Amino acid sequence: MEYNFQEIENRWQGYWRRENLYEVKNKSDKPKYYVLDMFPYPSGAGLHVGHPLGYIASDIFSRYKRLQGFNVLHPMGFDAYGLPAEQYAIQTGQHPEVTTMKNIARYCEQLNKIGFCYDWMRQIRTCDPEYYHWTQWAFAKMFEHYYDNDAEKALPISELIAHFEKHGTEGINAAQSEELHFTAEEWNAMDEKRQQEVLMNYRIAYLSDTKVNWCPALGTVLANDEVSEGLSVRGGHPVEQRVMRQWSLRVSAYAKRLLEGLDRIDWTDSLKETQRNWIGRSEGAEMTFVVKDTNLPIKIFTTRCDTIYGVTFMVLAPESEYVAHVVTPEQQQAVDDYLDQVKRRTERERISDRRMTGVFSGSYAICPITNREVPIYISDYVLAGYGTGAIMAVPAHDSRDYAFARAFNLDIIPLIEGADISEQSFDAKEGKMMNSGILNGLEVKDAIRTMKEYIEANNLGKVKVNYRLRDAIFSRQRYWGEPFPIYYKDGMPYLIPYNRMPLCLPEVDKFLPTETGEPPLGNAKVWAWDERRQLIVENEQIDNKYIFPLELNTMPGFAGSSAYYLRYMDPRNDNELVSREANEYWQQVDLYIGGTEHATGHLIYSRFWNKFLFDLGLICKDEPFAKLINQGMIQGRSNFVYRYIGEGATGNLFISYNLIDNPEYKDKVQPVHVDVNIVKNDILDIDAFRRWMPEFANAEFVYSDGTRDIDNPYIGTPSEKQYICGSAVEKMSKSMFNVVNPDDVVERYGADTLRLYEMFLGPLEQSKPWDTNGIDGVHRFLRRFWAMFESISDEQPTADELRSLHKTIKKVSYDIEHFSFNTSVPAFMICQNELSQLKCNKRAILEPLVILIAPFAPHIAEELYHQLGHETSVCDAQWPQYDEKLIEQNNVKYPISFNGKTRFFVELDKSLGKDEIEKIIMSDAQTAKFLNGAAPKKVIVVPGKIVNIVI
RNA sequence: GCGGCAUUGGCGAAAUUGGUAGACGCGCUAGACUUAGGAUCUAGUGAAGAGAUUCGUGUAGGUUCGAGUCCUAUAUGCCGCACCA
């Protein structure tokens with residue numbers, strides 16, 4: 001019987017749907033296992049063959065775990081808020097929700113064709129009010145909490161208020177935007193607005209003034225990469241730096257825990273390293289320099305306190321609040337000019353243009369150790385956002401300070417013996433100190449330690465740890481995102497009551513900012529007026545006044561994706577994000593599969609969000625993803641035809657790839673992308689090419705054998721003539737004509753072939769091009785596998801057959817556990833090959849094989865499993881166990897060495913003793929050949945290891 | 001600049017604890033079947049050599065009876081961070 005994959009796959013996909021085979025319950029006697037894919041943003045382009053790579057891997061693992069007797073949670077949903085749908089809405093007026101729903105439907109259809117075992121009952125969409133209810137709720141909780149550095153956890157802001165009322169800031173060690181000090185009396189004397197302002201300094205979700213790129217013409221904030229030389233990339237409108245009031249999340253408060261948590265999770269080293277890098281812990285000292293002739297202290301942070309004897313100047317960031325205090329009247333004009341110049345540059349330009357710029361403030365500071373007077377400069381190479389925004393400059397041992405000192409002709413004092421600083425600074429932390437008072441003669445590492453101790457002992461500063469991790473800006477001037485559950489009173493934000501959440505996204509006439517420059521939500525008539533009144537009137541806690549504006553920004557993309565894995569545990573719960581029972585059952589994601597592109601975005605925010613909810617006692621694990629696998633990207637493999645552009649070219653002639661280096665064509669051809677779907681194994685489908693685009697309708701070819709159409713005109717293309725295409729690996733994209741749609745592959749080869757082939761392509765974690773050339777081999781295997789089941793016998797299997805089966809069980813089990821699915825496919829092929837040579841059609845062998853292949857190729861497995869007489873699904877079968885005894889004979893391979901060089905191997909019984917081994921080896925024919933009649937001087941035998949014969 | 005990962009046939013790649021490198025697939029070669037083949041099947045396929053054999057895992061060393069695997073240096077490629085004091 002034919003292997004009719006289309007019929008088989010349709011039939012069983014229908015069966016799985018009807019039987020709800022993949023529905024998962026929250027209660028089970030079985031142990032749980034939670035496998036999650038990073039949910040996709042449903043783009044208009046649909047899925048290409050690269051997207052399912054990770055999904056197939058997670059599906060294989062889920063099915064394997066289920067066969068092993070686990071209750072497996074394997075959900076799928078959609079990250080539905082996002083820019084593309086909104087941009088499309090601006091252009092066409094089509095509501096983003098309509099576009100998004102259409103795209104989701106398409107995604108579901110494509111995913112279902114591949115035969116994934118998702119529990120669609122648990123599907124979530126971030127744009128669903130029922131879902132974003134909990135996004136808003138979590139934000140509200142962050143608004144109501146602060147981070148206590150001593151307790152190392154988030155605590156209710158009410159506790160902070162209670163403390164302020166009794167003790168002011170005394171004894172508070174909290175994460176904060178700026179350092180505040182006040183007494184209880186002062187706190188109690190503040191009016192409500194002032195108190196709210198103070199609390200904002202501590203809240204985990206807080207509102208603050210942040211510098212952004214604002215484009216008045218476009219009426220929106222632009223990201224740095226959307227701005228070039230002060231103009232918007234789109235339209236070329238001027239862009240200005242503007243400070244805007246934006247929501248932020250105090251992610252930086254969690255820096256330490258985010259860093260330490262990495263040691264307890266099973267992620268790849270490279271990804272952990274990326275996160276460590278991003279969090280950027282650095283240990284150093286904070287010291288105070290006093291401005292000469294004043295009492296003004298300037299705090300600096302340094303990791304190289306050992307170099308303090310080499311400080312020859314100080315630098316302040318242009319945005320530093322110290323600047324205003326240190327500028328002298330004579331320098332005022334120069335400083336103002338410089339600040340103005342800096343203001344016009346975006347962060348990006350500042351980074352790309354590394355010329356040293358700066359200005360002298362006119363003031364001097366006193367070094368606390370050397371008492372030397374050093375000039376204070378202002379320069380944008382010092383960043384306001386890191387450390388204290390002020391540095392002590394040691395030009396001899398810091399390359400940036402060195403460049404600045406050279407540009408401004410400042411002193412450079414070498415501190416390390418033998419370091420050559422005539423051309424560049426010596427930044428390495430090695431060598432012996434000199435010119436350094438108490439540190440002279442010490443190694444750098446010891447000097448750092450000594451100086452830290454000295455600083456602390458003499459109260460000159462304190463040892464401090466700094467993190468590079470910044471707070472996350474949480475406001476977007478966009479329509480298609482979660483509204484904030486926030487209204488404003490007296491200019492200060494307040495939460496709308498929890499029982500009014502979710503605050504739903506209102507309808508608007510247009511998706512652009514309002515004329516007054518408010519975000520698109522400002523266009524909402526119903527939401528902005530009626531709802532608002534209703535909200536206020538119904539809530540007795542708020543004065544019965546009318547106009548309380550709602551927050552018009554929306555949340556960024558990462559808001560909805562930060563806790564979605566928790567929601568899958570209990571997706572239809574109207575009362576909580578996740579119930580305690582559900583959370584305690586599923587705990588955390590056991591296996592998370594997704595791309596590395598989220599290393600410093602989603603994967604940091606999720607961990608932060610999770611830790612916050614953990615602090616509140618709402619969930620039981622402080623890390624969301626126990627194990628993470630990063631699947632590689634599938635790149636496109638583009639194909640080219642080569643248009644002849646030499647003498648007499650008509651633009652209509654194409655040269656076969658194998659000929660383009662011939663002298664007559666060399667440098668006279670131009671590669672042209674050709675749709676990979678009309679190329680097979682690099683051979684162009686001539687007719688399809690002529691039909692592909694009007695400009696190619698009359699295309700002529702020089703074929704691989706050097707002949708031309710003209711030699712044989714108007715009779716179509718003889719089949720022996722081939723046009724060979726060139727190829728290149730590029731990003732998979734429409735413009736390269738290299739996008740391969742999984743639907744087409746499923747249509748042509750079936751979902752099982754697609755699944756097997758995607759795994760066979762190479763290691764899961766590696767990036768690789770999609771190359772269709774090998775897919776036939778995998779498909780052939782499935783057909784041969786199918787053919788083995790033509791007639792089934794109930795005979796007892798032979799030892800060889802059992803050996804082949806058990807070897808495969810062992811190999812495939814090992815592979816799945818280690819995520820090397822790519823080597824399982826060959827294991828199946830070898831087994832199939834061995835068994836068909838043995839002409840094996842025995843149930844006892846084939847039945848376990850069907851179960852073994854079920855995670856990889858579920859449709860064919862389901863069909864064959866039923867053909868073998870089972871009534872239930874193969875999903876509910878039991879994963880076969882292997883018997884080591886059936887695989888290995890009791891033998892060990894001994895390497896036989898002559899004078900230390902291994903010549904051959906001999907299989908011997910494990911239990912043989914030293915003397916017996918020696919006896920067998922010495923009477924062996926191969927040994928005799930290598931000895932060539934000579935008597936060995938010595939024979940060394942290590943049982944179970946080696947035999948070395950010294951001649 | 002800092003950090004991480006990689007480098008094996010014509011190609012994608014295997015080699016789980018240091019033990020006969022190149023499994024498996026593609027491609028290629030030859031043959032069978034066929035009106036035909038972009039179908040199917042069989043055999044061969046790292047390099048050199050008629051052969052025994054020799055040489056082969058980016059390069060150079062080292063450890064070891066034995067190294068793709070461990071160590072040192074180095075080159076190349078990819079990824080992340082980057083004026084972070």
Side-chain angles (χ1 to χ4, degrees), chain A residues 268-282 284 300-305 307 315 317 350-356 379-383 385-394 397-401 403-404 427 466-470 596-597 599-600 630 632-633 637 680-683 685 719-720 722 727 756-757 760-763 765-769 771-778 780-781 783-784 810-811 814-815 817-818 820 822-830 833 892-906 940 942 945-950:
Chain A
T268 59
D269 289 339
S270 75
L271 199 100
K272 286 195 204 177
E273 206 47 43
T274 301
Q275 289 215 342
R276 283 193 193 104
N277 232 321
W278 188 257
I279 295 165
R281 181 182 195 273
S282 63
I300 60 100
F301 175 76
T302 179
T303 54
R304 291 295 302 274
C305 58
T307 61
V315 187
R350 170 168 155 157
I351 288 163
S352 61
D353 176 16
R354 300 210 174 177
R355 271 174 308 175
M356 278 297 173
S379 170
D380 65 359
Y381 85 86
V382 173
L383 305 175
Y386 184 78
T388 61
I391 61 154
M392 63 176 214
V394 185
H397 302 290
D398 181 287
S399 53
R400 296 148 304 177
D401 296 346
F404 192 85
D427 293 15
N466 248 321
Y467 295 94
R468 203 180 65 87
L469 186 68
R470 308 279 176 89
T596 37
E597 66 272 20
T600 52
N630 294 118
M633 266 221 288
R637 185 175 184 279
K680 199 181 173 217
N681 292 355
D682 291 338
I683 309 291
D685 181 334
S719 54
E720 70 272 15
Q722 293 185 333
S727 69
L756 277 174
Y757 186 59
F760 181 66
L761 215 46
E765 307 198 50
Q766 196 172 300
S767 284
K768 57 237 166 200
D771 181 352
T772 325
N773 289 350
I775 199 166
D776 290 305
V778 173
R780 254 195 297 273
F781 155 70
R783 284 221 302 270
R784 283 195 288 244
K810 184 181 180 184
K811 171 75 180 148
Y814 181 92
D815 283 347
E817 298 278 356
H818 292 81
S820 39
N822 56 321
T823 57
S824 305
V825 183
F828 286 123
M829 291 176 173
I830 293 164
N833 195 16
V892 176
K893 272 185 188 171
Y894 282 84
I896 312 300
S897 305
F898 293 86
N899 287 342
K901 188 150 182 75
T902 304
R903 295 299 178 154
F904 59 93
F905 282 68
V906 174
I940 305 156
V942 183
K945 293 221 109 186
I946 59 154
V947 178
N948 190 18
I949 301 166
V950 183

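In what follows, every chain begins at residue 1, and chains take the letters A, B, ... in the order their sequences are listed. As the structure is a prediction and not an experimental result, all values here were calculated from the model.
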Report which part of the nucleic acid [X] touches: base, sugar-phosphate, or nothing (heavy-atom distance under 4.0 Å, all strands).
| X | value |
| --- | --- |
| A:R281 | nothing |
| A:D771 | nothing |
| A:P769 | nothing |

Rounding to the closest angstrom, what is the interatomic distance between [N] and [M] at atom [atom1]?
| N | M | atom1 | answer |
| --- | --- | --- | --- |
| B:U20 | B:U29 | P | 33 Å |
| B:A50 | B:A73 | P | 44 Å |
| B:G19 | B:G25 | C1' | 27 Å |
| B:U57 | B:G18 | C1' | 15 Å |
| B:U76 | B:U63 | P | 28 Å |
| B:G68 | B:U7 | C1' | 11 Å |
| B:A60 | B:U53 | P | 27 Å |
| B:C70 | B:G4 | P | 16 Å |

Nearest-nucleotide check on RNA chain B, A:N948 vs A:L761; residue mapping nearer the 5' end is A:L761
Would you mind telling me which residue lines up with the more 5' stretch of RNA chain B, A:D269 or A:N277, judged by nearest nucleotide?
-> A:D269
Between atom [atom1] in [X] and atom [atom2] in [N], what is the gap in whole Å?
| X | N | atom1 | atom2 | result |
| --- | --- | --- | --- | --- |
| A:I279 | B:G80 | CD1 | C1' | 14 Å |
| A:E765 | B:G12 | CD | P | 19 Å |
| A:H818 | B:A15 | NE2 | P | 11 Å |
| A:E273 | B:A6 | CD | P | 14 Å |
| A:I391 | B:C83 | CD1 | P | 14 Å |
| A:D427 | B:A82 | CG | C1' | 14 Å |
| A:N466 | B:C83 | CG | C1' | 16 Å |

Where does the angle between the aromatic ring planes of A:F301 and A:Y386 fall among parallel (under 30°), tilted (30 to 60°) and perpendicular (over 60°)?
-> perpendicular
Parallel, tilted or perpendicular: which describes the rings of A:Y814 and A:H818, with under 30° parallel and over 60° perpendicular?
-> parallel
What does the list of N/O pairs under 3.5 Å between the protein and nucleotides 17-25 of chain B look like, with a distance for each?
| unit_1 | atom_1 | unit_2 | atom_2 | d |
| --- | --- | --- | --- | --- |
| B:G19 | N2 | A:T902 | OG1 | 3.2 |

Worked verdict on A:F828 versus A:N833 for side chain to side chain contact (heavy atoms under 4.5 Å, CB included) = CA-CA 8 Å; A:F828 286 123; A:N833 195 16; over 6 Å; no
Strictly below 4.0 Å: does [X] bring a side-chain N or O up to OP1 or OP2 of [N]?
| X | N | answer |
| --- | --- | --- |
| A:Q766 | B:A13 | yes |
| A:R783 | B:U40 | yes |
| A:R468 | B:A82 | yes |
| A:S767 | B:C78 | no |

Can you identify which nucleotide, out of [options], has its nearest atom closest to the [X] side chain?
| X | options | value |
| --- | --- | --- |
| A:Y386 | B:A85, B:G4, B:A13 | B:A85 |
| A:K768 | B:A13, B:A85, B:G80 | B:A13 |
| A:K811 | B:U16, B:A85, B:G4 | B:U16 |
| A:T303 | B:A13, B:G80, B:A85 | B:A85 |
| A:W278 | B:C81, B:U40, B:A85 | B:C81 |

For A:N466 and A:S282, does a side-chain donor sit closer than 3.5 Å to a side-chain acceptor?
-> no
To the nearest 0.5 angstrom, please state how far the CD atom of A:E273 sits from the CD atom of A:Q275.
-> 11.0 Å
Go through the steps for A:I391 and A:T302 under the test side chain to side chain contact (heavy atoms under 4.5 Å, CB included), then give the verdict.
-> CA-CA 7 Å; A:I391 61 154; A:T302 179; over 6 Å; no
Report the glycosidic orientation of B:G9: syn if within 90° of 0, anti in every other case.
-> syn
Can A:V947 and A:I940 be said to form a side chain to side chain contact (heavy atoms under 4.5 Å, CB included), step by step?
-> CA-CA 6 Å; A:V947 178; A:I940 305 156; over 6 Å; no
Do A:M392 and A:T307 come close enough that some side-chain heavy atom pair is under 4.5 Å?
-> yes
Consecutive-pair stems (3 or more, Watson-Crick or G-U, under 3.5 Å) for RNA chain B = B:1-7 with B:75-81, B:10-12 with B:24-26, B:27-32 with B:40-45, B:46-48 with B:53-55, B:58-62 with B:70-74
For side chain to side chain contact (heavy atoms under 4.5 Å, CB included), just list the numbers for A:F760 and A:N822, CA-CA rounded to whole Å, side-chain angles, deciding distance to a tenth of an Å, and then say yes or no.
-> CA-CA 4 Å; A:F760 181 66; A:N822 56 321; 5.9 Å; no
Is it true that A:R780 and A:D776 have a side-chain N and a carboxylate O under 4.0 angstrom from each other?
-> no
Are A:F905 and A:Y894 an aromatic pair by the rule of ring centers under 6.0 Å?
-> no
Minimal heavy-atom distance between A:T274 and A:A599, with the atoms involved, is CG2-CB, 4.0 Å
